[in-house]
Amino acid sequence: MYGLWKPRVLGAWRVPASGPAILAVNHSHNIDGPMVMGTAPRGTHFLIKKEAFVGPLGPFLEGIGQVKVDRAVADRTAITDALAVLDQGGVLGIFPEGTRGEGDFASLRAGLAYFAVRSGAPIVPVAVLGSTERRGRLIKGLPPLRSRVDVVFGDAFEAGDGSGRRTRKALDEATVRIQDRLTGHLENAGRLTGR
């Protein structure tokens, strides 16, 4: 990432140095995941749609420990693999909106709350800003080479309410709390970076 663009990384010290953690990343461009993987202070295992595991990219993604997920069904294998990352004290990266979009955390899916409440791992909000501002001249689908992309890590927080409940209602309440924190982080990151 540092060879192709000019990432400015802010708040990386907020990622817990050890133990399980979940990076909740906004997603507006294809480079957002790789940018976080390349700039995070710890190795990150992202939940990535199965459609990305094609050709030589498939074995590469599996080789670096990424988790393949079928978004059309409740993918038990992906859930088990993701929980195993957290159980082993690793870092799991999630795009809580479930797909690339505006990157504004406006519509969260329940997966992030489930993993956070089930594992007890803290969530670290991550805002990737600048990846969609301009199109590259050489490769239209990427930001211009050597352009600045900001990666802003926020304060880690617990998603659960402390009760240990894992009911549907508890997950819905956790999703609301998570959305508030992620939206607040994104607004703060925008002010901090001037974007």
Side-chain angles (χ1 to χ4, degrees), residues 1-2 4-5 7 9 11-12 14-16 18-105 107-119 121-132 141-143 149-154 156 159 178 182 185-186 189:
M1 292 296 112
Y2 286 95
L4 297 173
W5 294 281
V9 181
R14 291 183 168 118
V15 177
S18 62
I22 299 171
L23 301 184
V25 185
N26 68 322
H27 195 24
S28 57
H29 196 284
N30 284 335
I31 71 157
D32 296 341
M35 186 63 68
V36 172
M37 279 186 244
T39 60
R42 294 176 60 192
T44 305
H45 305 268
F46 266 90
L47 281 171
I48 300 176
K49 63 183 178 181
K50 72 175 186 174
E51 294 85 357
F53 288 75
V54 295
L57 190 56
F60 172 74
L61 290 172
E62 289 173 359
I64 62 171
Q66 304 313 303
V67 180
K68 182 186 338 183
V69 62
D70 183 346
R71 298 178 302 169
V73 297
D75 188 340
R76 291 196 181 280
T77 301
I79 292 168
T80 301
D81 291 348
L83 287 172
V85 167
L86 297 170
D87 288 344
Q88 295 164 11
V91 178
L92 181 67
I94 296 179
F95 299 114
E97 296 163 294
T99 188
R100 193 172 59 250
E102 293 299 312
D104 57 3
F105 296 124
S107 60
L108 301 191
R109 297 180 70 168
L112 174 57
Y114 173 79
F115 288 118
V117 171
R118 169 84 165 66
S119 70
I123 296 172
V124 178
V126 184
V128 179
L129 305 172
S131 59
T132 59
L142 294 176
V149 177
D150 292 321
V151 181
V152 185
F153 294 88
I178 291 167
L182 297 183
H185 172 66
L186 190 60

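Numbering starts at 1 and runs along the sequence shown. Keep in mind that what you see is a predicted model, and the values were worked out from it rather than measured.
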(message) So which atom in His185 and which in Phe153 form the shortest heavy-atom distance, rounded to 0.1 Å?
(response) CE1-C, 3.6 Å
(message) Could you tell me if the side chain of Leu61 sits less than 4.5 Å from the side chain of Phe46, heavy atoms only?
(response) no
(message) Test of understanding: with salt bridge (Lys or Arg N to Asp or Glu O under 4.0 Å), list the residues that count as partners of Asp150, not counting sequence neighbours.
(response) Arg8, Arg148, Arg195
(message) Show the nearest heavy-atom pair for residues Ala12 and Pro41, with the distance to one decimal.
(response) O-CG, 3.4 Å
(request) Working to the nearest 0.5 Å, report the span between NZ of Lys49 and CZ of Arg71. (result) 5.0 Å
(request) Would you check if the side chain of Glu51 reaches a backbone N or O of Asp70 as a donor-acceptor pair within less than 3.5 Å? (result) no
(message) Please find the pair of heavy atoms, one from Phe115 and one from Ala82, that lie closest to each other, and give the distance.
(response) CE2-CB, 3.6 Å
(message) Ignoring hydrogens, what is the shortest heavy-atom contact between Pro96 and Leu182? Give both atom names and the distance.
(response) CG-CD1, 3.9 Å
(request) Evaluate the side-chain proximity of Leu112 to Ile22: yes if any heavy-atom separation is below 4.5 Å, no if none is. (result) yes
(message) Please report the interatomic distance CG(Leu86) to CG(Leu92), rounded to the nearest 0.5 Å.
(response) 5.0 Å
(request) Grab the two heavy atoms, one from Val85 and one from Val91, that are nearest each other, plus how far apart they are. (result) CG1-O, 3.7 Å
(request) State, with a plain yes or no, whether a side-chain heavy atom of Tyr114 is found less than 4.5 Å away from one of Ile79. (result) yes
(request) Answer whether the closest heavy-atom distance between the side chains of Leu129 and Val149 falls below 4.5 Å. (result) no
(message) Test of understanding: with salt bridge (Lys or Arg N to Asp or Glu O under 4.0 Å), list the residues that count as partners of Asp87, not counting sequence neighbours.
(response) none
(message) What verdict does the side-chain contact (heavy atoms from CB on, under 4.5 Å) test give for Leu23 and Ile94, after you've listed the backbone C-alpha separation in whole Å, the side-chain angles of each residue and the deciding distance to 0.1 Å?
(response) CA-CA 6 Å; Leu23 301 184; Ile94 296 179; over 6 Å; no
(message) So Arg118 and Leu83, do their side chains get closer than 4.5 Å, heavy atoms only?
(response) yes
(request) Provide the closest heavy-atom pair for Gly93 versus Thr44 in the form atom of the first, atom of the second, distance. (result) N-CG2, 3.6 Å
(message) Do Gln66 and Met37 make a side-chain contact, defined as non-hydrogen atoms from C-beta onward lying under 4.5 Å apart?
(response) yes
(message) Any heavy-atom pair between the side chains of Phe95 and Ile48 that's under 4.5 Å?
(response) no
(request) Side-chain contact test, heavy atoms from C-beta onward, threshold under 4.5 Å: evaluate it for Ile123 versus Ile178 and give yes or no. (result) yes
